[in-house]
Amino acid sequence: MAPFTVVSGAAPYLPRANIDTDVIIRIERLTSLPKEQLGPYAMEALRYRADGSDDPDFILNRPTFRGAPILLAGDNFGCGSSREGAVWALQGIGVRCVVAPSFGDIFYSNCFQNGVLPIRLPAPEVEALAAACADGAPLTVDLVRRMLIAPSGAQTPFTIDPLRREALLHGQDDIGLTLRHEALIRAWQQADRAQRPWAWPPAPVAY
């Protein structure tokens with residue numbers, strides 16, 4: 001994964017609550033497309049008209065917000081099923097960070113495993129950021145300092161689990177974070193194998 005340190009750019013606002021993972025990406029798209037090709041289908045029920053053309057009233061279709069790296073969202077964003085493809089679809093349209101009052105729990109965890117930063121902020125603070133960025137002025141997300149910086153320079157701190165922050169800063173998922181301690185793991189395995197040989201399977205026999 002690409003490390004996440006500081007991201008700056010346009011921040012469109014989707015105030016609708018309870019945008020679920022089926023809205024973010026329909027399940028049938030996940031059965032026929034690789035993750036790298038999901039972007040055109042992200043939020044397709046909202047982005048496109050019945051004839052398949054772009055809906056110009058949908059904020060992500062406006063030239064100012066196409067490819068925006070930050071998404072400001074309503075309450076309970078990413079609720080619904082556990083599909084990891086919802087995060088992949090958002091990445092496919094350029095999203096690196098989602099700011100919302102609350103998230104679906106599994107979606108929230110899936111973000112960290114795929115290099116997307118989910119930030120929880122009270123609704124009034126999300127609305128204030130949306131107003132400040134309504135014309136496309138850039139919002140900055142500084143994970144190093146755990147700070148959101150509005151176009152005016154006003155700063156809003158946010159909280160994040162220290163281990164998850166560390167993983168994002170280094171572009172690692174949970175497995176990558178664990179493997180940073182590979183030498184300690186192997187040392188423990190060797191010591192435990194010596195103390196409890198009966199607990200370890202025999203080495204495979206080469207033929």
Does one hydrophobic cluster hold both [X] and [Y], with members joined at side-chain heavy-atom distances below 4.5 Å?
X: V126; Y: V7; answer: yes
X: I93; Y: L46; answer: yes
X: L129; Y: L71; answer: yes
X: V23; Y: L33; answer: no
X: Y48; Y: L90; answer: no

Tell me, do [X] and [Y] make a side-chain contact under 4.5 Å, heavy atoms counted?
X: R164; Y: S109; answer: yes
X: T140; Y: V6; answer: yes
X: I24; Y: V87; answer: no
X: P56; Y: R49; answer: yes
X: M147; Y: P157; answer: yes
X: F58; Y: L14; answer: yes
X: R26; Y: Y41; answer: no

Are the side chain of [X] and the backbone N or O of [Y] linked by a donor-acceptor pair below 3.5 Å?
X: R66; Y: N61; answer: yes
X: N76; Y: C79; answer: no
X: R16; Y: G74; answer: no

Can you tell me how far the [atom1] atom of [X] sits from the [atom2] atom of [Y], to the nearest 0.5 Å?
X: E166; Y: L143; atom1: CD; atom2: CG; value: 9.5 Å
X: E84; Y: C111; atom1: CD; atom2: SG; value: 10.0 Å
X: I27; Y: S32; atom1: CD1; atom2: OG; value: 10.5 Å
X: L168; Y: F112; atom1: CG; atom2: CZ; value: 6.0 Å
X: S8; Y: D142; atom1: OG; atom2: CG; value: 10.0 Å
X: Q37; Y: R29; atom1: CD; atom2: CZ; value: 12.0 Å

State whether the number of non-hydrogen atoms from other residues, nucleotides or ligands found under 6.0 Å of R146 atom CZ is greater than 12.
no

Near N18 CG, under 6.0 Å, is it more than 12 heavy atoms from other residues, nucleotides or ligands?
yes

Quick one: closest heavy-atom pair of [X] and [Y], and the distance?
X: L60; Y: P12; value: CD2-CG, 3.4 Å
X: C97; Y: I119; value: SG-CD1, 3.7 Å
X: T21; Y: S81; value: OG1-OG, 2.9 Å
X: I25; Y: R83; value: O-NH1, 2.8 Å
X: Q91; Y: V116; value: CG-CG2, 3.6 Å
X: A10; Y: F65; value: CB-CD2, 3.8 Å

Which of T156, L117, L72 passes side chain to side chain contact (heavy atoms under 4.5 Å, CB included) with V99? It is L72

Mind running side-chain contact (heavy atoms from CB on, under 4.5 Å) on D20 and F107 for me, showing each step along the way?
CA-CA 9 Å; D20 64 26; F107 174 85; over 6 Å; no

Could you go through L169 and V144, starting from their C-alpha distance and side-chain angles, then the distance that decides it, and tell me whether this counts as side-chain contact (heavy atoms from CB on, under 4.5 Å)?
CA-CA 8 Å; L169 288 172; V144 178; 4.0 Å; yes

Look at the aromatic rings of F103 and Y108 and report parallel, tilted or perpendicular, splitting at 30° and 60°.
tilted

Parallel, tilted or perpendicular: which one describes the rings of W200 and W188, with boundaries at 30° and 60°?
tilted

For side-chain contact (heavy atoms from CB on, under 4.5 Å), just list the numbers for R193 and Q190, CA-CA rounded to whole Å, side-chain angles, deciding distance to a tenth of an Å, and then say yes or no.
CA-CA 5 Å; R193 188 187 293 273; Q190 291 174 358; 5.7 Å; no

Residues L148, V141; criterion side-chain contact (heavy atoms from CB on, under 4.5 Å); working and verdict:
CA-CA 5 Å; L148 291 166; V141 182; 3.5 Å; yes

Scan side-chain atoms only and decide if T64 and R62 contain a donor-acceptor pair under the 3.5 Å cut-off.
no

D75 and S102: side-chain donor and acceptor closer than 3.5 Å?
yes

